[in-house]
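These numbers come from the heavy atoms of this one structure, side chains and all, not from hydrogens, waters or symmetry mates. What you are looking at is a predicted structure, and each value in this text was computed from that prediction instead of being measured.
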Amino acid sequence: MQEERKILYSAVQPTNNLTIGNYIGAVSNWVNLQSQYDCVFAIANMHAITVRQNPAELRKNTLSLLALYIACGIDPQKCVLYLQSHVPAHAELAWVLNTFTYVGEMERMTQFKDKSAKHADNINMGLMDYPVLMAADILLYRADVVPVGVDQRQHLEITRDIAVRFNNIYSPTFTVPEGLYMKVGAKIGDLLEPSKKMSKSAENANGSVFLSDDRDTIIRKFRRAVTDSEACVKYDPENKPGVSNLLSIYSVFSGQSIEECERRFEGKGYGDFKLAVGEVVADKLAPIQTEQAKLLADKAYLDGVLKDGAERAARRANRTLSKVYKKIGFYQL
Ligand code: TYM
């Protein structure tokens, strides 16, 4: 049964605090998809070090993200849940794929350009190679689908290009994955500058709602969210980016369609609307935060999940890696 289902792969970096953008664009979707697909979810700590990290914090954020995955409803029995650095095949395949990737392609990546500008004192090789490592992640598990936010679209495209390139030179080896982007919520905007994506590392923390924010903070941040002067709750991302962003958030957190949400707020002012968005988010996050804290108190359990996940992930990844090594002519014993 397990073998017949399509394979789904995704990951989040254990950096800073996760935002509701990460929750909406990634983790909350995964929960809905886990019964439909054979799911593999990683904590991408090897990606995280492309920007300088504090080691103690990286360690802490790793367990915190694992606890969050589980608290959000990802079931470690149903899915493979593991830490990227526990499976050496990622670095090994990335090295091989590097030889099928052109420097010019990497230089053109939007995220590389953005991060280079932001971290001008540390434009390291890893930052540039980031998409190749991501391709290795995805291709190792023969993923059919990769649910991500639209900010990862370019990385998915290059993964597909690398897979096709390799398959054409040798013979079909890699599954060419499809990106899975949600209709609502694939790009949650910053509350103060809705045209920019909500980010873990935003300059103004008031524009991002973190999954660790308490109720008062959440409500205060939504109260200050930028809207427009029309006083009409309608979904129109082009002309009403602030209101449309809040509607997307409300829609995902309440489980109602955009149309249902529009109807609900017909004739209501922005003050009421923003309060309702804050409340629905706070109501949903409170039990997740409680559960996360409970899980974090049981380190033995979390270590057990990671150990089991690493074994299951490595078994799958090594099958692909050994196939690749054979095809490219690495002598095997
Ligand atoms: P990361 O850690 O930056 O973000 C994790 C996920 O959250 C999505 N996301 C958003 N979605 C909607 N609105 C937003 N404002 C928003 N901000 C972030 C991201 O699109 C992503 O899906 N490179 C990846 C991690 C990664 C990965 C992979 C993903 C490593 N290997 C293999 C998929 C497959 C990243 O940095 O995500």
Side-chain angles (χ1 to χ4, degrees), residues 12 16-32 68 71-73 147-151 153 181-292:
V12 174
N16 305 321
N17 251 327
L18 260 64
T19 69
I20 56 167
N22 300 120
Y23 177 75
I24 297 174
V27 188
S28 75
N29 288 325
W30 302 356
V31 176
N32 299 327
L68 184 78
C72 286
V148 279
V150 289
D151 62 323
R153 191 190 287 273
Y181 309 97
M182 292 298 130
K183 272 201 228 85
V184 177
K187 186 183 175 193
I188 294 299
D190 185 280
L191 296 188
L192 301 175
E193 284 180 81
S195 57
K196 275 192 5 205
K197 83 162 181 177
M198 187 181 284
S199 157
K200 295 176 196 168
S201 53
E203 268 158 44
N204 187 342
N206 286 320
S208 299
V209 177
F210 299 104
L211 297 185
S212 57
D213 281 346
D214 62 30
R215 187 175 188 89
D216 288 349
T217 308
I218 295 172
I219 289 179
R220 177 176 51 78
K221 286 182 176 175
F222 278 107
R223 193 175 290 140
R224 289 189 188 167
V226 166
T227 47
D228 51 54
S229 55
E230 230 182 33
C232 167
V233 180
K234 215 169 132 279
Y235 189 76
D236 177 358
E238 193 105 318
N239 301 307
K240 295 167 74 67
V243 169
S244 305
N245 191 39
L246 293 174
L247 265 173
S248 299
I249 296 171
Y250 189 87
S251 162
V252 173
F253 275 88
S254 68
Q256 294 170 24
S257 70
I258 293 283
E259 294 73 29
E260 283 171 316
C261 300
E262 281 176 339
R263 246 175 280 133
R264 183 157 194 239
F265 295 105
E266 220 175 284
K268 296 240 167 76
Y270 285 160
D272 289 348
F273 171 51
K274 290 200 275 190
L275 179 63
V277 185
E279 283 178 337
V280 80
V281 172
D283 287 349
K284 180 93 181 190
L285 294 187
I288 294 177
Q289 291 167 350
T290 309
E291 183 61 21
Q292 186 190 20

Indicate yes or no: at least one non-hydrogen side-chain atom of [X] is less than 4.5 angstrom from one of [Y].
| X | Y | answer |
| --- | --- | --- |
| I249 | I24 | yes |
| N22 | K200 | yes |
| L18 | F210 | no |
| N17 | L211 | no |
| Y270 | L246 | no |
| K221 | D213 | yes |
| T217 | F222 | no |

Which pairs of donor and acceptor atoms, one on a side chain in residues 183-191, lie under 3.5 Å apart (sequence neighbours left out)?
unit_1, atom_1, unit_2, atom_2, d
K187, NZ, S195, O, 3.4
D190, OD1, L192, N, 2.8
D190, OD1, E193, N, 3.0

Do any N or O atoms from the side chain of T290 and from the backbone of A286 form a donor-acceptor pair under 3.5 angstrom?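 Yes; at least one donor-acceptor contact below 3.5 Å.
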Whether the side chain of K197 engages the backbone of D151 through a donor-acceptor N/O pair (distance < 3.5 Å, no angle test) should be reported.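 Not at all, since once roles are kept as given, no pair shorter than 3.5 Å links the two residues.
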Working note: V277 + F265, criterion side chain to side chain contact (heavy atoms under 4.5 Å, CB included); need CA distance, chi angles, decisive distance, verdict. CA-CA 11 Å; V277 185; F265 295 105; 5.6 Å; no
F253: partners by ring pair (Phe, Tyr, Trp, His ring centres under 6.0 Å), with sequence neighbours left out: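 F253: ring pair (Phe, Tyr, Trp, His ring centres under 6.0 Å) contacts with Y23.
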To the nearest 0.5 Å, tell me how far [X] [atom1] sits from [Y] [atom2].
| X | Y | atom1 | atom2 | result |
| --- | --- | --- | --- | --- |
| S212 | I288 | OG | CD1 | 12.5 Å |
| I218 | K284 | CD1 | NZ | 13.0 Å |
| C232 | F273 | SG | CZ | 10.5 Å |
| Y235 | I258 | OH | CD1 | 5.5 Å |
| N206 | R223 | CG | CZ | 13.0 Å |
| E262 | E260 | CD | CD | 11.0 Å |

What closest approach, in Å, do [X] and [Y] show between heavy atoms, and which atom pair accounts for it?
| X | Y | value |
| --- | --- | --- |
| S199 | S208 | O-OG, 2.8 Å |
| Q292 | A71 | N-CB, 3.7 Å |
| K274 | A225 | NZ-O, 2.8 Å |

Among residues at least two apart in sequence or on other chains, which ones pass salt bridge (charged side-chain N to carboxylate O under 4.0 Å, His left out) with [X]?
| X | answer |
| --- | --- |
| E279 | none |
| D283 | R215 |
| K240 | D228, E230 |

With sequence neighbours left out, which residue pairs that include part of residues 245-255 fulfil the side-chain hydrogen bond (donor to acceptor under 3.5 Å, both in side chains) condition?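 Checked against side-chain hydrogen bond (donor to acceptor under 3.5 Å, both in side chains) - neighbours excluded - the pairs reaching residues 245-255 are Y250-R264.
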Run the side chain to side chain contact (heavy atoms under 4.5 Å, CB included) test on V252 and S28 for me, step by step, so that the C-alpha distance in whole Å, both residues' side-chain angles and the decisive distance to 0.1 Å come before the verdict. CA-CA 9 Å; V252 173; S28 75; 4.3 Å; yes
Would you please test D236 and S244 for side chain to side chain donor-acceptor pair (under 3.5 Å) and show each step? CA-CA 6 Å; D236 177 358; S244 305; 5.8 Å; no
